[in-house]
Amino acid sequence: TAVAIIDAGAPIVKLLAFAVLPSVARRGVGSCFMKSLLGAFPQRDWRIPEYFAADHGEAFLKKTGWVLSSIRQLEMVHTLR
């Protein structure tokens, strides 16, 4: 009911994707899964790379202990005519 894609090959573990089925959302499944994920690498720092969608899950991530970094990124598109 929940899935994550991580990269644990570097000293800092990267959370690349995280999803919970809508049918079990807001029932503690995501929080429990996040806690077990972080517990799998207890002595390592974690990071969410810049390409993680900023408008997806910010409240959930903050609730599970994540904090925003000072890095800000612009995402822009330019269409040539």
Side-chain angles (χ1 to χ4, degrees):
T1 58
V3 64
I5 299 172
I6 65 169
D7 176 1
I12 297 175
V13 181
K14 293 178 189 170
L15 177 63
L16 304 174
F18 187 92
V20 176
L21 285 175
S23 61
V24 296
R26 309 202 58 80
R27 295 185 185 169
V29 172
S31 296
C32 184
F33 184 53
M34 179 67 75
K35 186 176 182 178
S36 68
L37 253 176
L38 297 172
F41 301 93
Q43 304 302 319
R44 309 251 313 265
D45 289 332
W46 283 71
R47 179 171 179 257
I48 296 175
E50 299 81 21
Y51 52 83
F52 204 86
D55 59 342
H56 291 94
E58 184 176 343
F60 168 77
L61 291 168
K62 285 181 178 179
K63 184 181 95 175
T64 56
W66 293 85
V67 294
L68 289 172
S69 73
S70 61
I71 296 173
R72 295 289 177 251
Q73 174 180 326
L74 293 175
E75 182 176 336
M76 304 172 79
V77 175
H78 189 293
T79 304
L80 298 175
R81 297 176 198 240

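Any value given below was found using the heavy atoms of this structure, including those in side chains, with hydrogens, waters and symmetry copies removed.
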Seminar exercise, completed: Across all chains, not counting sequence neighbours, the side-chain contact (heavy atoms from CB on, under 4.5 Å) partners of Ser36 are Phe33
For this session: Apply side chain to side chain donor-acceptor pair (under 3.5 Å) to Arg27 and list each qualifying residue two or more places apart in sequence or on a separate chain.
Result: none
For this session: Determine, using the 4.5 Å side-chain heavy-atom cutoff (strictly less than), whether Leu37 and Leu21 are members of one ILVMFWY cluster.
Result: yes
Exercise. In Å and rounded to the nearest 0.5 Å, what is the CZ to CD1 distance from Phe18 to Ile48?
Worked result: 10.0 Å
Problem set entry | Ala2 to Val20 - nearest heavy-atom pair and separation | CB-CG2, 4.1 Å
For this session: For the pair Trp46 and Phe41, name the ring-plane relationship: parallel under 30°, tilted 30 to 60°, perpendicular over 60°.
Result: perpendicular
For this session: Evaluate side chain to side chain contact (heavy atoms under 4.5 Å, CB included) for Leu68 paired with Lys62, printing each intermediate quantity in order.
Result: CA-CA 8 Å; Leu68 289 172; Lys62 285 181 178 179; 4.1 Å; yes
For this session: Apply side chain to side chain donor-acceptor pair (under 3.5 Å) to Ser31 and list each qualifying residue two or more places apart in sequence or on a separate chain.
Result: Lys63
Exercise. Passes side chain to side chain contact (heavy atoms under 4.5 Å, CB included), Leu15 versus Trp66? Steps please.
Worked result: CA-CA 11 Å; Leu15 177 63; Trp66 293 85; 4.0 Å; yes
For this session: Locate the shortest heavy-atom distance separating Pro49 from Leu16; write the atom from each residue and the value.
Result: CG-CD2, 3.7 Å
For this session: If a pair satisfies salt bridge (charged side-chain N to carboxylate O under 4.0 Å, His left out) and one of its residues is in residues 33-47, list it, with sequence neighbours excluded.
Result: Arg47-Glu50
